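The shown structure was predicted, so the numbers you read here are calculated from the model rather than taken from an experiment. These numbers come from the heavy atoms of this one structure, side chains and all, not from hydrogens, waters or symmetry mates.
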Amino acid sequence: NLVAIGIDCLISNRLAYVAHAYVPLFYAIFYVAFTYVYFLAGGTDAAGHPYIYIFLDWSGQGIKLWGYTTRQLVMLLSFIGVPILYLFVLSL
C-alpha cells in the first residue's frame, strides 16, 4: 500500500496544501487515542493478547527498538513522523 500511494503521489497532479496538514495529524492522534482507550478498556485481539497489533502494546512489554518502548515510538511517529511525511508529500 505504501509503495502504491507513493507512486500515486508522484504521478498524479493532486495539490497538497499546508493548511490541510491538520488532517493526517488528527487522524494519527485519533488512532493513537483509540488504541490506548482500547487497551485501558481491556480489549484483546483474536488470540487474547491485550493489544491490537504487537507494536501497539501499551503495557510496555511489546517491541523495544533502540531502547525505546512502544509508547515512545508510537508518540514519536504520530506527532513527529506524520507531519514530516506530510511535508515531504507537500514538497513533491
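Under the 4.5 Å side-chain heavy-atom criterion for ILVMFWY residues, a single connected hydrophobic cluster contains both Y22 and V32. Hydrophobic clustering of Ile, Leu, Val, Met, Phe, Trp and Tyr side chains at less than 4.5 Å, counting indirect connections, keeps Y27 apart from V23.
For Y31, the OH atom counts as densely surrounded, since its 6.0 Å shell holds more than 12 non-hydrogen atoms of other residues, nucleotides or ligands.
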Just do the side-chain contact (heavy atoms from CB on, under 4.5 Å) check on L40 and Y36 with the steps written out, would you? CA-CA 6 Å; L40 291 177; Y36 188 66; 3.3 Å; yes
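Within the 3.5 Å criterion, the main-chain N or O of A33 finds no donor-acceptor partner in the side chain of Y38.
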